[in-house]
Each structure stands twice: as structure tokens, then as C-alpha cells.
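Before any comments, here is the structure.
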Amino acid sequence: TKKLKLYFDGSCGPINPGGFMGYGFYVEDEEGTVILEGYDFDPSHPNNTNNVAEYKALYLGIDKLIDYLDSKKIEDYDLEVLGDSKLVIMQCIGHWGIYEGYYKETALKTKELLTYIKKPFYRWIPREEPISNSIIIVDEASMLTFEIVEDLRMSSEKNLIIYSGD
């Protein structure tokens, strides 16, 4: 049985709700070797929140992991899903319901996608606890996306000024 750990993280900033969203994931095998990783970002939008970003991170990770497992013909695996969002972890376990909020659509899509994974084990990592390098890297990827988006936004503003008739 192949043992895998999927770490996920997402955030919205510099304001929540409404900021840029950065989110990512990281999958390790039993030796701690990274076998899969990815991240993405969404530009500012009024419906962006930390919870939406956390769910998008998990969705992205599960989606890519399903493709990976299929391509490698891996059927015998145990998956541990780890994240610092108590909301996401407790809702995936089924201890908490998914109610109204900007996150609801993404949460339901993620829960549907999770049905393709064999009985994942979920573990919440409180933000105050020391966490593995994996989640730190995911979080750094999220922060990097904010920097990239901010640089692009500032560059666009400069270009708008340059091309505004001056």
C-alpha cells in the first residue's frame, strides 16, 4: 500500500473577503519525497475569501492526484489530507455541515471530487502548531502569487499611465 500525504493551503489578501486568492497543494510519498505539487491564484473579486481559497487548494490537489494515480496505475494507496483550515477538514469529515457562504459552491464541487478517492484520512493542523516544510512551501506559494499579482497590477497601472496620452 502506497502511503501519500496531501497538504493544502489557501488564503485571500490583502483583504478578506475581496482580495487576491493564492492556493496550492503538495503531495508526499511515505519517504517524504514530493511527487506532485501545484498552485494557482485568482485576481481580486468580491466573492474571494480564505475559505474559498482553502477549498480551491484542496480541489486542485485532489484533481491532480486523481490524474497522477490514474497515469501511474496506482490503485492501492492510503491518503492523508492535511490542512490548517478547520472548516474544510471538519466539513470533509462530515462533522460540520456546508451552509451558505461564498465558499459553498467550491466546497460542494470538492466534496464531489473527493468521492473518487478511497477513504481519505483527514487531519487538521492548527495554525499555532509547528507544521511540515510542505505546508510552509504551499503557504509561500500562496504568498508568492500575491506578490506576482501585485507586481502585475502595479505594472498595469504604470502602463495605463504611460499610455494615457502623456
Side-chain angles (χ1 to χ4, degrees), residues 5-28 34 36-68 81-93 95-117 120 122-166:
K5 291 184 178 183
L6 185 152
Y7 295 87
F8 71 94
D9 198 16
S11 56
C12 179
I15 58 170
N16 179 43
F20 303 114
M21 287 193 308
Y23 46 94
F25 74 95
Y26 200 88
V27 178
E28 294 177 342
V34 177
L36 197 59
E37 63 185 334
Y39 66 91
D40 204 350
F41 66 91
D42 293 347
S44 292
H45 188 277
N47 294 349
N48 288 355
T49 67
N50 283 331
N51 293 334
V52 173
E54 294 279 2
Y55 266 110
K56 282 192 159 208
L58 181 54
Y59 184 93
L60 181 64
I62 294 297
D63 188 47
K64 298 299 181 189
L65 181 60
I66 289 169
D67 290 345
Y68 174 84
V81 176
L82 302 98
D84 66 358
S85 171
K86 191 172 188 177
L87 176 82
V88 172
I89 296 296
M90 293 300 165
Q91 288 177 333
C92 285
I93 292 170
H95 288 229
W96 295 355
I98 296 173
Y99 301 108
E100 296 306 313
Y102 295 130
Y103 76 96
K104 183 177 181 178
E105 181 181 340
T106 308
L108 294 174
K109 282 176 43 178
T110 304
K111 290 274 289 189
E112 173 65 25
L113 190 62
L114 281 163
T115 63
Y116 295 95
I117 296 291
Y122 297 93
R123 184 156 54 109
W124 171 55
I125 304 171
R127 288 183 180 98
E128 305 80 44
E129 286 186 16
I131 52 179
S132 80
N133 288 338
S134 309
I135 204 86
I136 291 169
I137 290 169
V138 168
D139 194 48
E140 286 174 357
S142 294
M143 293 313 296
L144 176 62
T145 60
F146 293 143
E147 291 173 19
I148 290 169
V149 171
E150 187 65 19
D151 288 347
L152 288 172
R153 188 182 64 75
M154 290 177 70
S155 174
S156 295
E157 287 175 358
K158 287 178 187 171
N159 288 340
L160 287 174
I161 292 168
I162 292 168
Y163 296 110
S164 65
D166 292 334

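Hydrogens, waters and symmetry mates are skipped; everything else that's a heavy atom, side chains included, is used.
Side-chain contact check for Asn48 versus Cys12: some heavy-atom pair is nearer than 4.5 Å. Taking the side chain as every heavy atom from C-beta outward, Phe41 and Met21 never approach each other to under 4.5 Å. By the 4.5 Å heavy-atom criterion applied to side chains, Trp96 and Lys86 are counted as neighbours. The shortest distance between side-chain heavy atoms of Phe25 and Leu36 falls below 4.5 Å. Considering only heavy atoms from C-beta on, Leu58 comes within 4.5 Å of Cys92 through its side chain. Using a 4.5 Å heavy-atom cutoff, the side chains of Phe20 and His45 are not in contact. Contact of the Ile66 side chain with the Leu113 side chain is registered, since non-hydrogen atoms from C-beta on lie closer than 4.5 Å. Using a 4.5 Å heavy-atom cutoff, the side chains of Val27 and Val34 are not in contact.
For residues 55-64, the salt bridge (charged side-chain N to carboxylate O under 4.0 Å, His left out) pairs, not counting sequence neighbours, are Asp42-Lys56.
What you find for Lys109 and Tyr59 is that their closest heavy atoms are O-CE1, 3.7 Å. Taking both residues in full, the closest heavy atoms of Pro120 and Val81 are given as CB-CG2, 4.1 Å, listed atom of the first, atom of the second, then distance. Smallest separation of non-hydrogen atoms from Ile62 and Ile117: CG2-CG1, 3.9 Å. Closest approach of Gly22 to Ala53, counting heavy atoms only: O-CB, 4.1 Å. Between Tyr23 and Ala57 the shortest heavy-atom distance is CB-CB, 3.6 Å. When all heavy atoms of Trp124 and Asp84 are compared, the closest pair comes out as NE1-O, 3.3 Å.
Considering only residues two or more places apart in sequence or on other chains, Ser85 meets the side-chain contact (heavy atoms from CB on, under 4.5 Å) condition with Glu54, Leu87, Val88. Here Glu100 pairs with Lys104 under the salt bridge (Lys or Arg N to Asp or Glu O under 4.0 Å) rule; sequence neighbours left out.
Checked against Tyr55 for a side chain to side chain contact (heavy atoms under 4.5 Å, CB included), the options Asn50, Leu60, Leu108, Thr106 give a single hit: Thr106.
Looking only at atom types and distance, the side chain of Gln91 has a donor-acceptor partner in the side chain of Tyr103 under 3.5 Å away.
The distance from atom OG1 of Thr110 to atom CD of Glu105, rounded to the nearest 0.5 Å, is 10.0 Å. Here the OH atom belonging to Tyr102 is positioned 9.0 Å from the OG1 atom belonging to Thr49, to the nearest 0.5 angstrom.
The local environment of OH in Tyr116 is sparse, with at most 12 non-hydrogen atoms from other residues, nucleotides or ligands closer than 6.0 Å.
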Check your understanding: Would Lys5 and Leu82 count as a side chain to side chain contact (heavy atoms under 4.5 Å, CB included) if you check the C-alpha gap in whole Å, the side-chain angles of each, and the deciding distance to 0.1 Å?
Key -> CA-CA 7 Å; Lys5 291 184 178 183; Leu82 302 98; 3.9 Å; yes

